[in-house]
Undergrad: 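So that we are looking at the same thing, I have put the structure below in structure tokens.
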Number of protein chains: 2
Amino acid sequence: MQLNAFWRIITLMKHALNQKPDYEKELRKAGVRITRPRRIILDILTSTEDHPDAMKIFHRAIEIDDSISLSTVYRTMNLLEEMGAIHRHAFNGGPSRFEQAHGEHHDHLIDVDTGDVIEFQSDKIEKLQEEIARALGYDIIHHRLELYGRKSKRPE
Amino acid sequence: MQLNAFWRIITLMKHALNQKPDYEKELRKAGVRITRPRRIILDILTSTEDHPDAMKIFHRAIEIDDSISLSTVYRTMNLLEEMGAIHRHAFNGGPSRFEQAHGEHHDHLIDVDTGDVIEFQSDKIEKLQEEIARALGYDIIHHRLELYGRKSKRPE
DNA sequence: ATGCAAATGCAAATGATTTGCAAAAAGAAA
DNA sequence: TTTCTTTTTGCAAATCATTTGCATTTGCAT
């Protein structure tokens, strides 16, 4: 795992640290009913490293319980997003892809050939964004930095 | 217009400098037929400061010629994008919004209340992105930086 | 002017996502 | 653990942005 003063890779960190927040308890506390479909979807989300879209989540879900419907997946994603448990991305304008909202904010490098996603974070970039927004008279609500790249021929 | 070593506003620049590339000639040279709908859509694109979506372009177009169809707008946007004459954005995962591809690369600050877009550019951020991608073993094909913000209460 | 390939308008198709509704399940109360 | 009320579900149909098939029209090289 890379680590230096300017930026760091996030992807592997959450699993290395085995951060699996107990969403079930959290959600219940917030008055959300924990149903069978929701529990299954949460499990899928907390145990994957990728950023699946609704259809992919649906397919993984019906392998566990084939009565789950696609609309429930969509409804659950909306619910979890509102509760702040997941984040939604629209890479390249494609279908929404989701990831569990583990603590650290991070940006994404998307492999244009495979769709793979690497998460990283740079305080330096973050700080520059703040500076620019402030100078333009704005407060940043959220932001989105996506690098679309291809594996280098000769990695250094 | 702001200007310093680290970043600059782009939005106003293109109109201040009155950069209206002659897309018609360029496209014709590339073997693209200049039809009435295409001419009208190009005019709309080169004479607006905002980032309209297909529907907005369509409405502006039928004011000039009410026989233009929405599918032609979409087809023309795809064509112009392939020709590199325009850029497509999917802010917030909403419908595609377009802008003429005037020379300078730039990023966007989107006003979450109004949908307004301010264009800016920071070499420093650009350079950091390159660094990160390289360290991860990738070449950047393109990237996307969007700041979503709200006007500060006390602008400085 | 003429001919033919390319572009258009229209309507129907697509893909992602949402919604209405009756039936089923969750959780509080008894 | 049974009952009751409310929420959630599955299904099918609806919606939204966008694309496509096809018969007709148009650009433009000859």
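We name chains A, B, ... by the order of the sequence lines, and we start the count at 1 in each one.
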Undergrad: Measure across B:P37 and B:I68 and return the closest heavy-atom pair with its distance rounded to 0.1 Å.
TA: CA-CD1, 4.0 Å

Undergrad: My understanding is that only one of A:D53, A:D65, A:D66, A:D50 makes a salt bridge (Lys or Arg N to Asp or Glu O under 4.0 Å) with A:R60; could you say which?
TA: A:D50

Undergrad: Do the side-chain N or O atoms of A:N78 get closer than 4.0 angstrom to the phosphate oxygens (OP1, OP2) of C:dT17?
TA: no

Undergrad: Find the distance B:R88:CZ to D:dT19:C1' and express it as a whole number of Å.
TA: 11 Å

Undergrad: What is the separation between atom CG on A:L27 and atom C1' on C:dG27, rounded to the nearest whole Å?
TA: 15 Å

Undergrad: Taking OP1 and OP2 of D:dT7, is either one under 4.0 Å from a side-chain nitrogen or oxygen of A:T35?
TA: no

Undergrad: Between A:Y74 (OH) and C:dA16 (P), how many Å, whole number?
TA: 7 Å

Undergrad: For A:R28, report the nucleic acid contact type (base, sugar-phosphate, nothing); a contact means any heavy atom under 4.0 Å.
TA: sugar-phosphate

Undergrad: Starting from C1' on D:dC28, measure out to NZ on B:K29 and report it in whole angstrom.
TA: 18 Å

Undergrad: Taking the six-membered ring for Trp, are B:H87 and B:H89 parallel (under 30°), tilted (30 to 60°) or perpendicular (over 60°)?
TA: perpendicular

Undergrad: With respect to the phosphate group of D:dG10, does any side-chain polar atom (N or O) of A:T72 fall under 4.0 Å of OP1 or OP2?
TA: yes

Undergrad: Counting only distance, no hydrogens or angles, is the base of D:dG10 paired donor-acceptor with the side chain of A:R75 under 3.5 Å?
TA: yes

Undergrad: Answer with base, sugar-phosphate or nothing: what part of the nucleic acid does B:D53 contact at a heavy-atom distance below 4.0 Å?
TA: nothing

Undergrad: Just by distance, no angles: are the side chains of B:H143 and B:H105 close enough, under 3.5 Å, to form a donor-acceptor pair?
TA: yes

Undergrad: Counting side-chain heavy atoms from CB outward, which of C:dT8, D:dG10, D:dT9 is closest to B:P37?
TA: C:dT8

Undergrad: Students often mix this up, so state it plainly: with edges at 30° and 60°, are the rings of B:H51 and B:H108 parallel, tilted or perpendicular?
TA: perpendicular

Undergrad: Using OP1 and OP2 only, check whether a side-chain N or O of A:R36 sits under 4.0 Å from C:dA25.
TA: no

Undergrad: Quick check on DNA chain D: between B:S71 and B:P95, whose nearest nucleotide comes earlier from the 5' end?
TA: B:P95

Undergrad: Rounded to the nearest angstrom, tell me the gap between atom CD in B:E81 and atom P in D:dT18.
TA: 11 Å

Undergrad: Could you say whether B:R33 or B:D65 is positioned toward the 5' end of DNA chain C, judged by the nucleotide with the nearest heavy atom to each?
TA: B:R33

Undergrad: With a 3.5 angstrom cut-off on both distances, give the Watson-Crick or G-U wobble partner of D:dA29, or none if there isn't one.
TA: C:dT2

Undergrad: So which one's nearest nucleotide on DNA chain D is more toward 5', A:I68 or B:R39?
TA: A:I68

Undergrad: Rounded off to whole Å, could you give me the CD1-to-P distance for the B:I40 and C:dA7 pair?
TA: 17 Å

Undergrad: Which whole-number value in Å describes the distance from B:F58 CZ to C:dT8 P?
TA: 14 Å

Undergrad: Starting at atom CZ of A:R38, determine the distance to atom P of D:dG10, rounded to an integer number of angstrom.
TA: 11 Å

